[in-house]
Every structure is written in C-alpha cells, then in structure tokens.
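Sequential numbering from 1 along the given sequence is applied to the chain's residues.
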Amino acid sequence: MLNFVYLFHMPLFVFVSGRFSRIRDVRKYRKGIVRLVETYVVFQLLLSVFAWMQGGRWSWVSLLVEPNWLLWYLLALIWWRLAVMVLYYCKIPSSSPYLLVVSICIGLMSGFIPVSGTLALQRTLGFLPYFALGYVTASVDVRQYVKRIPILVAISVIVAVLIAFWKIDINFKPFLSHLLPYTVSGVSVTDALLVRCIILLLAMVIGAMVMRVVPARQILAKWGMKTMHIYIYHAFIVSLLVIAIRKDWLPNNELLLFAYTLGVIFMILLFARFRVSDYLLNPFTQWNDKIELGKK
C-alpha cells in the first residue's frame, strides 16, 4: 500500500508546483525564492535542534548540506525555480516541449550520479520530469482532458496497479523516493534504470487517474492555499505524536491512528488561520514587509 501511495503523491505534488512556477512578475518571483530559502533555513535549524534534543548528533556540515526529513522538497523547489529564472533570462519559451524531453532524460540519467541526500540533488533531478510537465502545461486546462477519462476506467486502473503493488513483494521505496543512485539500489544499474522508466510512466498514468477520481471542490482549493503550512508544520506535530506513542503516553491501535491523523489535520488547518503561522514560516520577510508598509 505504501509503495502505491509513493507512486503518485509526490509526483502530483511536484507537478502542481511546476504549474505555479511560471514567471509573471520577475521581482515577485525573486522574492518568492528568497522566502523559500528563508523558510528552509529556519526550519532546517529548528528540526536539527529538535533531532539533537531527541539524542541525535549535532553537525554543522549536515546542517548545511543535508536537508532534514521533508525539507528536501523545499530545497528542490528552490533549485527548480532558480532553473526557471535561467530559462526566463535565456528567453526559452516556457511551453516548449523540448524542456519536458530534456527533463525526462536528466531525471533518468540522474541515477548514475553518485550522490544521494546531499543538497537534495538526487531527488531534485529525479523528480524534475514531473515539475517540468507541470511547468510546460501551466497554460493548459489539464482537468479538461482528465475529465474525458471514463470514471470506471480510472477506478479500474487504480485498483489494478494497487493489487499489482500489493502482490509484488519488492521494496520500491528507493526508486519511488528518487533518493538513492542506481549503484546502491540493490539491483543492477540496467534494471534500476528500467524500473525508473516504468515508475515514471506509471506515476504519470496513476496521477491522471487520481485526478479523475478526486473531485474538484472549492473547499479543497481553499485548503490547497495552505499547502506550505500543512507540509511544514505536520513534521513537528507528527514527530511529537510518534514520540508520545513510543513512550506509551498515548494508546496505539489502527482506529486511534486514524483519529490521530484527523486530529493532526484539524490542528494544522486551525493553526494556519492565524497570522502567527505566516510569521513562523517567514519571520524576516514578514518583518521587512511590515516596515516597508509602515513607510508608505
């Protein structure tokens, strides 16, 4: 089941990120990158302190080059948007299909680079095709094409792939997370490249099927506006929850885990409504914006 979730959840997330990465105002775009860097630095430090308090080792080298847990995505997004800036200044059309072709080649070839979590480079390059797909099709109403897929076909494909992943007793996580190079994947380099090709195709197909099944609702769109808050803050809440369960401070069974999940979602959505959540994400730029607004 976990393999199946990994197959589409981050590819879709990265795809959506690509769709919102077109440059319409260069100044605002640069400021957005600065805000991402700020959020990354702040929470990289906070998560490192949190890990150290739990008995982990403190290392300035790791702090600088090894993203903590889910912060790899923030660093990858920074690299992707810097790449978009380069494309913009080189006057390369954002809708050029060649960008997608090149990104797929880079994504497949990245497995030959002997680097894993350092600066999130392996994941940045591995997930690049999904970002490029969203970036190139940003002006296309993808939902219009997805709606043409019969709902029964979408459900059937999802169930078939789910059963296939359930039956195949192989740990696909190293391939699905794009974290490890081919040489340490546990199989031959040729097989690893083939598996990544298959996963790339399957991720795009299942992503489309999931988009067909999930309804488009205004309330979901409002929650989507707080995606960054949910992504960042759930790390701390989930970490505290795991510690509490492991220390037997909280009871643990499947039903309660589901209840805890709903509770975490509710807490984050509630917290995201308060202005302080924005200040924690970007304390320096929020402070600077307040000063500039006061001068006006």
Side-chain angles (χ1 to χ4, degrees), residues 1-24 70 73 76-77 80-81 83-84 87 93-108 123-166 168 172-173 175-178 195-231 261 265 269:
M1 184 64 177
L2 190 60
N3 281 332
F4 178 74
V5 173
Y6 268 94
L7 178 62
F8 68 87
H9 86 295
M10 282 311 301
L12 271 179
F13 200 57
V14 175
F15 169 76
V16 173
S17 299
R19 288 183 66 84
F20 286 97
S21 293
R22 287 277 185 93
I23 297 180
R24 292 176 174 81
L70 46 69
Y73 168 75
L77 187 57
W80 292 327
R81 291 196 170 174
V84 170
L87 296 175
S94 56
S95 58
S96 173
Y98 296 109
L99 293 177
L100 182 58
V101 174
V102 171
S103 70
I104 291 175
C105 293
I106 292 175
L108 295 176
R123 279 172 161 166
T124 299
L125 299 176
F127 282 104
L128 179 61
Y130 309 111
F131 180 86
L133 180 62
Y135 177 71
V136 170
T137 62
S139 59
V140 178
D141 185 3
V142 176
R143 176 68 67 173
Q144 177 183 353
Y145 294 97
V146 170
K147 285 182 178 179
R148 297 179 183 179
I149 303 172
I151 188 69
L152 290 179
V153 171
I155 295 175
S156 299
V157 171
I158 291 174
V159 172
V161 175
L162 176 58
I163 293 174
F165 271 78
W166 192 289
I168 300 175
F172 287 103
K173 187 176 179 179
F175 299 101
L176 297 170
S177 64
H178 298 288
V195 170
R196 183 169 286 193
C197 289
I198 295 173
I199 285 176
L200 177 62
L201 178 61
L202 273 178
M204 291 183 177
V205 171
I206 294 300
M209 300 305 157
V210 170
M211 289 175 63
R212 178 64 181 93
V213 173
V214 176
R217 295 289 186 269
Q218 188 66 30
I219 187 172
L220 296 179
K222 290 182 179 180
W223 288 355
M225 294 175 63
K226 296 296 183 179
T227 299
M228 184 62 71
H229 295 73
I230 296 171
Y231 189 82
T261 301
I265 294 173
L269 290 176

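The two residues Met211 and Val142 make their nearest non-hydrogen contact at CE-CG1, 3.9 Å. The two atoms that bring Leu99 and Pro93 nearest to each other are CD1-O, 3.5 Å, heavy atoms only. Listed here is the closest heavy atom pair of Arg148 and Gln144: CG-O, 3.6 Å. Heavy-atom minimum distance, Pro129 versus Ser103: CG-O, 3.4 Å.
Under the side chain to side chain donor-acceptor pair (under 3.5 Å) criterion, Arg81 pairs with Ser21, not counting sequence neighbours.
Distance CD1/Ile163 to CD1/Ile158: 12.0 Å, rounded to 0.5 Å. Atoms OG1 and CD1, from Thr124 and Ile106 in turn, are 11.5 Å apart once rounded to the nearest 0.5 Å. Rounding to the nearest 0.5 Å gives a distance of 8.5 Å between CD1 of Ile198 and CG of Leu201. Here CD1 of Ile206 is found 5.0 Å from CZ of Phe4. Values are rounded to the nearest 0.5 Å. Here OH of Tyr130 is found 11.5 Å from CG of Leu100. Values are rounded to the nearest 0.5 Å. Taken from CD1 in Ile149 to CD1 in Ile155, the straight-line distance is 12.0 Å, to the nearest 0.5 Å.
Residues Arg123 and Ser177 have side chains in contact (heavy-atom distance under 4.5 Å, counting atoms from C-beta outward). A heavy-atom distance below 4.5 Å is not found between the side chains of Phe127 and Tyr73. Residues Leu77 and Phe131 meet the side-chain proximity criterion, which asks for heavy atoms closer than 4.5 Å. Residues Val84 and Trp80 are not in side-chain contact: their nearest non-hydrogen atoms beyond the backbone lie 4.5 Å or more apart. In this structure the side chain of Leu176 never reaches within 4.5 angstrom of the side chain of Met10, judged on heavy atoms. Looking at Leu202 and Phe8, their side chains never come closer than 4.5 Å, going by heavy atoms from C-beta outward. Counting heavy atoms from C-beta on, the side chains of Leu200 and Met204 come closer than 4.5 Å. You'll find the side chain of Cys197 reaches within 4.5 Å of the side chain of Leu108, heavy atoms only.
Side chain of Tyr231 to backbone of Leu70: a donor-acceptor contact under 3.5 angstrom is found. One N or O on the side chain of Arg196 and one on the backbone of Gly107 form a donor-acceptor pair closer than 3.5 Å. A distance-only check finds a donor-acceptor pair linking the side chain of Arg22 to the backbone of Val136 [under 3.5 Å].
Cation-pi contact between Arg19 and Tyr135: absent, since separation from the ring centre below 6.0 Å together with deviation from the ring axis within 45° is not met.
In summary, the aromatic rings of Phe175 and His178 are positioned with their centroids too far apart to meet the 6.0 Å limit.
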